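Here's the structure we're looking at; comments come further down.
Because the structure is a prediction, the values reported are computed rather than measured. Ligands are counted one by one from 1 in listed order, and the atoms in each one are counted from 1 as well.
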Amino acid sequence: MTKPTPFKVGEAYDTFADLLDHLMGVNLHHGYWADDTSDESFDVATTRLTDKLAGLLTIRPGDRLLDIGCGVGEPAIRLASAHDIEGVGISIAPGQVERANDRAAAAGLADRLSFQFADAMDLPFPDESFDLVWALESLHHMPDRWQVVREAARVLRPGGRMAIGDFSLRSVDGKPADASSCDLVRMGALKLLEVDDYQSNLRAAGLVPEAAEDVSDRTRPSWGKAAERFEAARELAEQHIGAEQFEVTLSRFRQFSAELQFEVTLSRFRQFSAEPSVGYVLLTARKPD
Ligand code: SAH
């Protein structure tokens with residue numbers, strides 16, 4: 001299977017924006033749930049994951065942030081609202097960039113937060129121009145995560161920090177890490193990495209790994225909950241976008257999946273929640289002074 005190009009990934013996010021809004025809300029990442037049976041809303045749980053990752057950083061007033069893979073801007077808007085910082089977010093999906101800018105303006109942050117179209121593999125920013133580089137659930141899309149980490153290291157100022165939230169591969173109860181029970185991992189659609197691999201590549205890029213928090217047990221319910229929401233969406237579609245429009249979206253989704261040579265199905269989503277080797281890690285690393 002060939003990995004989709006960045007532009008194809010961006011096109012997918014824009015094409016399925018309605019569906020994603022409905023399934024995920026404005027945070028396009030996993031939730032950090034209070035417990036396995038939590039009936040908290042997606043917004044509460046996904047916002048908590050943003051706050052968890054932010055809590056691993058030292059954020060000072062006036063810091064300049066780069067959000068790599070900004071979605072519709074919510075994590076950066078939250079960071080800029082909570083801290084007196086400025087920044088820029090990038091996405092490979094033009095529709096997201098437009099929405100993120102509108103949302104920042106609506107939040108009264110347009111003077112210090114902006115979003116632009118760019119490919120993380122080749123950042124259009126000068127060396128040493130950011131204090132914080134943030135990549136929450138975006139690196140797994142990149143053709144080469146380490147190229148993006150090297151780019152992040154280049155644009156960080158000495159003393160600046162990178163924060164990452166990503167899926168991971170982990171060994172549980174002393175058993176070897178193996179996620180081949182998940183079709184999408186076996187087919188290469190989702191590449192999972194062990195934390196050690198992350199840390200050695202952060203070091204190779206000139207960064208010093210700091211925090212590494214395995215949050216798998218708290219994020220895992222997200223897969224099943226997203227699948228449940230998808231099932232419920234069919235009924236709700238009548239009220240929101242109309243059953244006919246929902247079918248149109250679904251058939252486009254199927255066509256798109258076929259083009260990318262993998263099909264995201266509900267059962268495949270559930271495989272992730274059933275496989276303990278599929279984890280989620282929050283990482284930070286510092287660029288030496
Ligand atoms: N961090 C956001 C969005 C996560 S979804 C949030 O937590 O809400 C993944 C994001 O990565 C999308 O915005 C997608 O457009 C972006 N992305 C994927 N590949 C990219 C690339 N090569 N360059 C820039 N952004 C990319």
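- Close N/O approach between Asn27 and ligand 1 is not found [any backbone or side-chain N/O within under 3.5 Å].
- Here the straight-line distance linking atom CG of Leu132 with atom CG of Leu156 works out to 8.0 Å at 0.5 Å rounding.
- Judged by distance alone, the side chains of Tyr280 and Arg220 never bring a donor and an acceptor atom under 3.5 Å apart.
- For ligand 1, the polar-atom distance check against Gly71 finds a nitrogen or oxygen pair separated by under 3.5 Å.
- Proximity to Glu137 (heavy-atom distance under 4.0 Å) selects the following atoms of ligand 1: 4 (C), 5 (S), 9 (C).
- Every atom of ligand 1 with a heavy atom of Met142 under 4.0 Å away is listed here by number and element: 19 (N), 20 (C), 21 (C), 22 (N), 26 (C).
- Remark: Asp217 engages Arg170 in a salt bridge, criterion side-chain N to carboxylate O under 4.0 Å.
- A side-chain hydrogen bond (donor to acceptor under 3.5 Å, both in side chains) with Arg78 is found for exactly one of Thr47, Asp51, Thr50, namely Asp51.
- With hydrogens left out, the protein atom closest to atom 4 (C) of ligand 1 is Leu28 O, 3.3 Å, a heavy atom.
- Considering every non-hydrogen atom in both Ala54 and Ile59, the closest pair reads O-CD1, 4.2 Å.
- The distance from ligand 1 to the heavy atoms of Gln96 drops below 4.0 Å at these ligand atoms: 12 (C), 13 (O), 14 (C), 15 (O).
- Side chain of His29 to main chain of Thr46: a donor-acceptor pair is present (N/O by atom type, distance under 3.5 Å, no hydrogens or angles).
- Contact record, His141 with Glu137: CD2-O, 4.5 Å, taken as the closest heavy-atom pair.
- Close contacts of ligand 1 with Pro75, meaning ligand atoms under 4.0 Å from a residue heavy atom, involve 6 (C), 7 (O), 8 (O).
- Contact analysis leaves Met121 out of contact with ligand 1, as no non-hydrogen atom separation drops below 4.0 angstrom.
- Phe125 and Val155 get closest at one heavy-atom pair: O-CG1, 3.8 Å.
- Between Ala118 and ligand 1 there is a heavy-atom distance shorter than 4.0 Å.
- At a heavy-atom cutoff of 4.0 Å, ligand 1 is contacted by no atom of Ala135, backbone or side chain.
- Around atom CD of Glu98, no more than 12 heavy atoms belonging to other residues, nucleotides or ligands sit under 6.0 Å away.
- Remark: distances from the non-hydrogen atoms of Gly10 to ligand 1 are all 4.0 Å or more.
- Between Val278 and Leu169, the closest side-chain pair of non-hydrogen atoms is not below 4.5 Å.
- Scanning the protein heavy atoms around atom 25 (N) of ligand 1, the nearest turns out to be Ile92 N, 3.4 Å.
- The single protein non-hydrogen atom nearest to atom 9 (C) of ligand 1 is Tyr13 OH, 3.5 Å, given as residue, atom name and distance.
- Contact atoms of ligand 1 toward His29: 6 (C), 7 (O), 8 (O) (distance under 4.0 Å to a heavy atom of the residue).
- With rounding to the nearest 0.5 Å, the separation of OG in Ser277 from CD in Glu194 is 8.5 Å.
- The protein heavy-atom contact nearest to atom 16 (C) of ligand 1 is Gly69 CA, 3.6 Å.
- In the vicinity of Asp119, heavy-atom distances shorter than 4.0 Å reach the ligand 1 atoms 21 (C), 22 (N), 23 (N).
- An N or O contact shorter than 3.5 Å links Ser91 to ligand 1 by distance.
- Residue Glu74 places no heavy atom under 4.0 Å from ligand 1.
- Aromatic pair Trp223/Phe167: centroids less than 6.0 angstrom apart.
- Near Ala120, meaning under 4.0 Å from one of its heavy atoms, ligand 1 places the atoms 21 (C), 22 (N), 23 (N), 24 (C).
- Taking only nitrogen or oxygen atoms, main chain and side chain alike, Leu136 reaches within less than 3.5 Å of ligand 1.
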